[in-house]
Amino acid sequence: MKSVAVLGTGLLGEAIAQRCLSQGSTVHAWNRTRERIQPLLALGAREIGDLSEVSTTCDTVITVLRDGPVTTNVVAELGALHNTTVIPMGTMGVSESKALATQVLRQNGSYLEAPVLGSKPQALSGSLLVMAGGDADVFEQQLGLLKHLSQQPKLVGPVGSGAATKIALNQLIASLTHSFSLSLRLIQHAGVPVETFMEILRPSALYAPTFDKKLERMLGGHYDDPNFSTALLRKDLELFLQETSEAGLQDLGLQGLAELLHKANGTPLDHQDYCALHELTQTTT
């Protein structure tokens, strides 16, 4: 079985490492805050003491870090990669991923971006949606590992295409959550029972499962224990807007949503579940 390094053991990274362990891989774990790897060590993972030694013990390095700049800096600390494959699974911009691919090649490694849709529950069950970007040969080499995490990993194209697909999907998370929040606010203001509205919405072509997934949280104002925070949603929407600007696309409709999400910056909403943006659509006086 593969020997895998998992760098970044936050909510998603820890779950990915647990899944790899459960599938028989030897897992080496690292986190900037060392205490975060203790649960994995208790499950049989091995601690990475020196990042520069990772490539001598691991076939593959999975990074699950906050953003592109952090990922780039941590990968640089790995030093010479000795043909080890680096697989970033966190969300990055297209240009960030392409630059990281070039850096990995300079470090004598191979690169496969593989951002994922899903969070802890999907990682633990092996049902993440993996959208890979890179060489087909590298994808085939890593397919066995990826299938531990996803029922049907997809190679969507060259480096950059996986990153683009991921931020395009995360833009939909932001837009759908915002539009659903506004609709809820309006029908409640008009005195329409929420369940009546949902009974009409559910069988229609307008329905998205995320609406029911977040409905109870929104109605009750309970946003704790997030799988994906408001701050991360804002970061990913900004990445999307950066890419649309570079592509010459008209993104005016999303600029207002980005401004709205900035109102959460520095507030408790930032660290809560992303559907806390519902609090930002309240009637103003």
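Without hydrogens or angle criteria, Glu199 side chain to Thr196 main chain gives no donor-acceptor distance under 3.5 Å. At least one donor-acceptor pair closer than 3.5 Å links the side chain of Glu113 to the backbone N or O of Ser161. The backbone N or O of Leu146 lies less than 3.5 Å from no partner atom in the side chain of Ser150, so there is not a single donor-acceptor pair. Side-chain N or O atoms of Ser204 include one that pairs as donor or acceptor with a backbone N or O of Leu201 at under 3.5 Å. Not a single donor-acceptor pair under 3.5 Å links the side chain of Ser245 to the backbone N or O of Leu241. A donor-acceptor pair is defined here as one N or O able to donate and one able to accept, closer than 3.5 Å; no such pair exists between the side chain of Glu14 and the backbone of Thr9. Panel note: side chain Gln250, backbone Leu252; a donor-acceptor pair is recorded below 3.5 Å. In this structure a side-chain-to-backbone donor-acceptor pair under 3.5 Å is present from Gln107 to Val75. At least one donor-acceptor pair under 3.5 Å links the side chain of Arg19 to the backbone N or O of His148. Side-chain atoms of Ser25 do not come within 3.5 Å of backbone N or O of Leu21 as any donor-acceptor pair.
Between His28 and Val61 there is no side-chain heavy-atom pair separated by less than 4.5 Å. Two residues are said to be in side-chain contact when any heavy atoms from C-beta on lie closer than 4.5 Å; Leu237 and Asn170 fail this criterion. Counting heavy atoms from C-beta on, the side chains of Glu259 and His262 never come closer than 4.5 Å. In this structure, Glu216 and His222 have side chains that are not in contact, with every pair of non-hydrogen atoms separated by 4.5 Å or more. Ser127 has its side chain within reach of Gln151: a pair of non-hydrogen atoms, C-beta onward, lies under 4.5 Å apart. Contact of the Glu279 side chain with the Tyr223 side chain is registered, since non-hydrogen atoms from C-beta on lie closer than 4.5 Å. Two residues are said to be in side-chain contact when any heavy atoms from C-beta on lie closer than 4.5 Å; Val94 and Leu239 fail this criterion. Using a 4.5 Å heavy-atom cutoff, the side chains of Met131 and Lys154 are not in contact.
In plain terms, the two heavy atoms of Ser179 and Leu176 that are nearest each other are OG-O, 3.0 Å.
One hydrophobic cluster, built from ILVMFWY side chains closer than 4.5 Å, cannot hold both Leu105 and Val138; they sit in different ones.
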For Lys166 and Asp236: C-alpha separation, side-chain torsions, deciding distance, then whether salt bridge (charged side-chain N to carboxylate O under 4.0 Å, His left out) applies. CA-CA 9 Å; Lys166 169 61 173 171; Asp236 290 354; 5.5 Å; no
Chi angles and distances behind the side chain to side chain donor-acceptor pair (under 3.5 Å) call for Tyr111, Asp135: CA-CA 8 Å; Tyr111 184 84; Asp135 292 339; over 6 Å; no
Any chance you could lay out the side-chain contact (heavy atoms from CB on, under 4.5 Å) test for Leu277 and Leu269, step after step, and finish with the verdict? CA-CA 8 Å; Leu277 73 81; Leu269 299 179; over 6 Å; no
Please assess Gln255 against Asp251 for the test side chain to side chain donor-acceptor pair (under 3.5 Å), listing each intermediate value before the final yes or no. CA-CA 7 Å; Gln255 295 288 348; Asp251 56 18; 3.2 Å; yes
Using the side chain to side chain donor-acceptor pair (under 3.5 Å) rule, take Gln171 and Ser175 through it: C-alpha gap first, then chi angles, then the decisive distance, then the call. CA-CA 6 Å; Gln171 181 275 132; Ser175 293; 2.4 Å; yes
Criterion side-chain contact (heavy atoms from CB on, under 4.5 Å) on Arg185 and His278, from CA distance to verdict: CA-CA 9 Å; Arg185 294 289 186 198; His278 187 56; 3.4 Å; yes
Working for salt bridge (charged side-chain N to carboxylate O under 4.0 Å, His left out), residues Arg32 and Glu77: CA-CA 12 Å; Arg32 189 73 71 183; Glu77 293 185 51; 3.1 Å; yes
Test side chain to side chain donor-acceptor pair (under 3.5 Å) applied to Gln142 and Thr60, step by step: CA-CA 8 Å; Gln142 298 298 324; Thr60 304; 2.9 Å; yes
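A search for side-chain hydrogen bond (donor to acceptor under 3.5 Å, both in side chains) contacts involving Ser119 returns nothing, not counting sequence neighbours.
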Atom pairs and distances, donor-acceptor, side-chain atoms in residues 62-72, under 3.5 Å, two or more places apart:
{"unit_1": "Asp67", "atom_1": "OD1", "unit_2": "Val70", "atom_2": "N", "d": "3.0"}
{"unit_1": "Thr71", "atom_1": "OG1", "unit_2": "Asp67", "atom_2": "O", "d": "2.8"}
{"unit_1": "Thr72", "atom_1": "OG1", "unit_2": "Gly68", "atom_2": "O", "d": "3.0"}

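A salt bridge links Glu47 and Arg34; the closest N-O separation between the charged side-chain nitrogens and carboxylate oxygens is under 4.0 Å.
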